[in-house]
Amino acid sequence: MGFFERVYEIVRKIPKGKVATYGQIARMAGEPRKAKIVGWALHQNPYQGDVPCHRVVNRHGELAGGFAFGGREVQKDLLIKEGIIFDANEKINLGIYLWSSKEENINS
DNA sequence: TTCATGACTAATT
DNA sequence: AAATTAGCCATGA
């Protein structure tokens, strides 16, 4: 299984109402320095519809910005429907919604 | 094959 | 505190 597949596995496991950061995912995948590659993986996202890429945000809890599967308004809407609330800065409160699994990572 | 770019992050200025 | 630099490496031209 390549790094991409691993990323998809992890993102797929993000529970509803939670979010994860690129760096965190990269770290969970065992490659802390490939945060950017995680971005690429989601950019391609061949499993769109199965992999909730809208639950992946940058380290500040803000949306990818610019483009992301259709527009950040869409992403924002999806997240709100999952119970995630944005603050006045259009950011997610990572202290509450950041997905801290550690145990639920890829089952080796 | 080499070069530039990017849905990133951390450290340095 | 904000801007820049540096590191990572897959992808496309």
Side-chain angles (χ1 to χ4, degrees):
Chain A
M1 179 187 287
F3 179 69
F4 277 37
E5 302 272 336
R6 212 162 357 186
V7 169
Y8 302 134
E9 280 288 310
I10 294 171
V11 175
R12 200 178 315 186
K13 289 177 179 173
I14 300 177
K16 181 181 179 182
K18 291 283 183 174
V19 299
T21 69
Y22 298 97
Q24 181 173 20
I25 291 171
R27 210 164 26 210
M28 289 169 69
E31 299 289 350
R33 315 210 146 96
K34 296 189 177 178
K36 193 172 291 187
I37 313 305
V38 172
W40 269 107
L42 294 181
H43 182 196
Q44 312 221 349
N45 193 14
Y47 301 96
Q48 188 172 14
D50 187 27
V51 176
C53 50
H54 56 274
R55 294 188 190 135
V56 183
V57 297
N58 65 16
R59 74 184 182 86
H60 282 300
E62 46 192 12
L63 305 185
F67 74 101
F69 63 81
R72 58 184 176 197
E73 283 305 318
V74 178
Q75 182 173 12
K76 180 180 174 184
D77 189 51
L78 285 171
L79 292 174
I80 289 177
K81 285 178 179 173
E82 298 189 350
I84 295 174
I85 305 302
F86 286 74
D87 64 18
N89 296 316
E90 303 270 303
K91 292 183 183 177
I92 293 172
N93 186 331
L94 293 180
I96 299 175
Y97 303 110
L98 180 60
W99 177 46
S100 44
S101 69
K102 295 181 181 176
E103 312 296 311
E104 314 218 24
N105 59 20
I106 35 192
N107 40 30
S108 51

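Only this structure's heavy atoms are used, side chains among them; waters, hydrogens and symmetry mates stay out. Letters A, B, ... are given to chains in the order of the sequence lines, protein chains preceding strands, and every chain is numbered from 1.
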Trp40(A) has its side chain closest, among dA7(B), dC8(B), dT11(C), to dT11(C)
*Can you find a heavy atom in the side chain of Asn93(A) that is under 4.5 Å from one in the side chain of Asp87(A)?*
no
Testing the 3.5 Å rule here: is there a donor-acceptor pair between the side chains of Tyr47(A) and Glu5(A)?
yes
Touch class at under 4.0 angstrom, heavy-atom based, for Phe4(A) against every strand present: sugar-phosphate
Between CZ of Arg27(A) and P of dC8(B) the distance, given in whole Å, is 16 Å
Whole-Å distance, Lys36(A) NZ to dA10(C) P, equals 13 Å
Considering only heavy side-chain atoms of Ile37(A), the closest of dC8(C), dC8(B), dG6(B) is dG6(B)
Of dA7(B), dC8(C), dT9(B), the nucleotide closest to the side chain of Arg59(A) is dT9(B)
Against the side chain of Lys34(A), the closest entry in dC9(C), dT11(C), dC8(B) is dC9(C)
Quiz item: Any side-chain heavy atom of Val57(A) within less than 4.5 Å of one from Leu63(A)?
Solution: yes
Between OH of Tyr22(A) and C1' of dA10(B) the distance, given in whole Å, is 17 Å
Taken to the nearest whole Å, CD1/Ile25(A) to C1'/dC8(C) is 16 Å
* To do: Evaluate the salt bridge (charged side-chain N to carboxylate O under 4.0 Å, His left out) criterion for residues Glu31(A) and Arg6(A): first the C-alpha distance (whole Å), next the side-chain angles of each, then the deciding distance (0.1 Å), finally the verdict.
  => CA-CA 10 Å; Glu31(A) 299 289 350; Arg6(A) 212 162 357 186; 5.5 Å; no
Picking from dT11(C), dA7(B), dG7(C), the nucleotide nearest the side-chain atoms of Gln44(A) would be dT11(C)
